[in-house]
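Working notes for the structure below.
Note that the numbering runs from 1 along the sequence shown for the chain. These figures come from a predicted structure and were not determined experimentally.
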Amino acid sequence: MNKKYLFGVGIVAAAIAAFVWQYRLRFPFDDVFISFRYAEHLANGYGLVWNIGGAHTEGYTNFLFILLLAVVRLCTTHLLAAAQAIGVLSTIVTGMLIFQIASRVRNVKIGFLAAAFYFLTPLTWINALSGMETSVFVMLCICAICFVASHRLFLAFYTLFLATLTRPEGGIFAGIIFFVLFVNGPFQRKMVLRGAAVFLLLTALFALWKWSYFGYVLPNSFYVKVLESNSSRSHLFPGLQYVRLFVTSMVVLIVLTLGIRRWRNAAILISALSIAVLLLFYLFVLPLEGLYDRFLWPAFAMITILGAVGVHDLVERFHLRSMLVFAVTVVVCHLTVSCITPRTRQSLAAHEEVWDKSMGGLISELQSFPHLDSLRFAYGDAGYVVYKSGVDHIDLFGLNDTHIAHARSISERKKVLESEKPDILLLPIERDGDDYKWIEDAYGLARDSAFLPLAITEAFPYPLAWVINTNSRYYNDCRTNIAQSLALPNSYLKPAPIIR
């Protein structure tokens, strides 16, 4: 492998990164602030908790990323910029690894083509700037394939363990690599078994620690997104639309993979099987966050390799005169399709700084409440507002509330919420003729006579109703505070209408 080619790929990627960095405030995903809250609490010595002094809670699926952010927090308070820098660096490394893998599988030209597919896709950089762990996880997955391709088996399984710490899907990926290597080679089966044993031992120790620390092995999101989505939905494939949109946006590369002639290669087989399993897995999962296709982005990184290899084999099969012309054509076609797909348009239109601006008044209003350090605030969104305000928060979705996550019915969740005694509920509503209706009613709790809507806030994308618990010891103070805010000129609050 000529190192100057690899260096050149890195330089081009760095140039692209420098260009897109100026747009970084458009793309931070709201959920990244969940990671920031856990990382800050860990860095400050409170442990992995959602609320200071609360129970240990696994309301995240990115343990290694949380640890990394906690270390960063010891050095700087600018977690968003740091998380985005980590994402961008991981993206550059991933593209260089894709170049190496595709070059080994076919040749250097195909390595360049695979890297071009990856770096010229807008969602690659949108994911990098989202602040989430996505780009780090993709890098570790591709790094494991690269180690397999270079016959460094034990390093591959160690990397797979790190990937599993970053996202639980890393365990699925490890199983796929074990299966391909055990059945297909090129390693002796004893070596494969030893590498897998190391991975299983490390993973078992991690699971044992989780059991002792949290009381559960699986994160809350598993119960909310997987079990709940399949038990409460009438259709079999709750993630069908998510997978369909992803496949539509990558259709050019998927078609190119059909041109591959020589499949008996570990990197090709691992990539193909991983793509198929991830697509199948997410058919049965309801992704609460659809932006950026972040859950399927490891599959995209592998599709770039297979698509580039497909171009090479199609040129050979049909004896095309110019690979360059064909390669440029398919890159342009893929870029065009990926730019016009609904997912990319949705991401480019998201402009998270608009979201943050609309939430700014909400945070100011929340911070104006007396007894803020003692108030229990129930709200469905657990990201920006909760992180910036620092309030003691009850996550209505259950991602950061283990009791709600494990409740198996609406009535059970209502009982849990009642037992947690929220002082304030902030719930989305929508206009229904001359009145308003609840979009979310906190499992019916907002309809109880003990909970009184006193004001609404015009926010994005729905108005939010401030609902006060009349049995709260802070009720009178909260009601007075809202009344004072309503009396101010140009108040951020409006009197609460009838909500049905």
Side-chain angles (χ1 to χ4, degrees), residues 9-40 43 60 62 64-66 68-96 115-116 118-140 166-167 249 289-298 300-301 335 338-339 341 343-360 363 381-388 460-461:
V9 171
I11 291 297
V12 172
I16 297 174
F19 172 76
V20 301
W21 183 259
Q22 62 186 310
Y23 303 107
R24 71 181 187 87
L25 292 182
R26 291 188 178 189
F27 305 115
F29 199 39
D30 191 51
D31 278 11
V32 73
F33 297 98
I34 295 177
S35 298
F36 293 169
R37 182 166 166 117
Y38 279 108
E40 287 203 353
Y60 52 84
N62 54 354
L64 187 62
F65 195 62
I66 296 289
L68 181 58
L69 290 177
V71 173
V72 170
R73 181 61 181 83
L74 297 175
C75 305
T76 179
T77 59
H78 300 293
L79 284 183
L80 178 57
Q84 290 176 311
I86 292 170
V88 167
L89 180 60
S90 299
T91 297
I92 294 173
V93 173
T94 299
M96 296 171 71
Y118 191 70
F119 286 137
L120 295 180
T121 301
L123 283 176
T124 295
W125 298 103
I126 292 173
N127 269 303
L129 295 173
S130 71
M132 301 295 287
E133 77 286 347
T134 306
S135 298
V136 176
F137 179 62
V138 173
M139 178 188 70
L140 292 171
T166 307
R167 285 202 61 81
S249 64
E289 312 92 357
L291 287 177
Y292 314 164
D293 280 323
R294 69 185 189 92
F295 298 113
L296 290 173
W297 212 242
F300 169 70
L335 181 59
S338 66
C339 285
T341 185
R343 184 66 78 224
T344 302
R345 294 204 310 270
Q346 179 187 18
S347 301
L348 291 174
H351 286 220
E352 292 295 336
E353 79 276 16
V354 176
W355 167 274
D356 294 348
K357 184 178 180 181
S358 81
M359 294 295 103
I363 295 167
D381 284 327
Y384 186 81
V385 170
V386 176
Y387 174 72
K388 290 293 186 179
F460 177 84

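For the pair T91 (side chain) and S135 (backbone), a donor-acceptor distance under 3.5 Å is absent. Judged purely by atom type and a 3.5 angstrom limit, T76 uses its side chain to pair as donor or acceptor with the backbone of H78.
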- Carefully, step by step, assess F300 and V138 under the rule side chain to side chain contact (heavy atoms under 4.5 Å, CB included). CA-CA 9 Å; F300 169 70; V138 173; over 6 Å; no
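In this structure the side chain of D381 never reaches within 4.5 angstrom of the side chain of V386, judged on heavy atoms. You'll find the side chain of V32 stays beyond 4.5 Å of the side chain of L79, heavy atoms only. Two residues are said to be in side-chain contact when any heavy atoms from C-beta on lie closer than 4.5 Å; T124 and W297 meet this criterion. Contact annotation: the side chain of M132 never approaches that of N127 to less than 4.5 Å [non-hydrogen atoms, C-beta and beyond]. With contacts defined as side-chain heavy-atom distances shorter than 4.5 Å, the pair I86/F65 qualifies. The shortest side-chain heavy-atom distance between L335 and P122 falls under the 4.5 Å cut-off. Looking at heavy atoms from C-beta onward, F27 lies out of side-chain contact with R24 at the 4.5 angstrom threshold.
With rounding to the nearest 0.5 angstrom, the CG atom of D30 is 12.0 Å from the OG atom of S130. Atoms CZ and CG, from R167 and L140 in turn, are 12.5 Å apart once rounded to the nearest 0.5 Å. For the atom pair CD1 (I34) and OH (Y38), the distance works out to 7.5 Å, reported to the nearest 0.5 Å.
Contacts of V88 classified as side chain to side chain contact (heavy atoms under 4.5 Å, CB included), with partners at least two apart in sequence or in another chain: A17, W21, I92, W125, A128, L129.
Annotation: F33 is in aromatic contact with F36 [ring centroid separation under 6.0 Å].
Across every non-hydrogen atom of E133 and N62, the tightest pair is OE1-ND2, 3.1 Å. The two residues M96 and F119 make their nearest non-hydrogen contact at N-CZ, 4.3 Å. Closest approach of L69 to A83, counting heavy atoms only: CD2-CB, 4.0 Å. In terms of heavy atoms, R294 sits closest to T134 at CB-OG1, 3.3 Å. Listed here is the closest heavy atom pair of R37 and Y387: N-CD1, 3.8 Å. Closest non-hydrogen pair, Q84 versus P28, comes out as NE2-CG, 3.7 Å.
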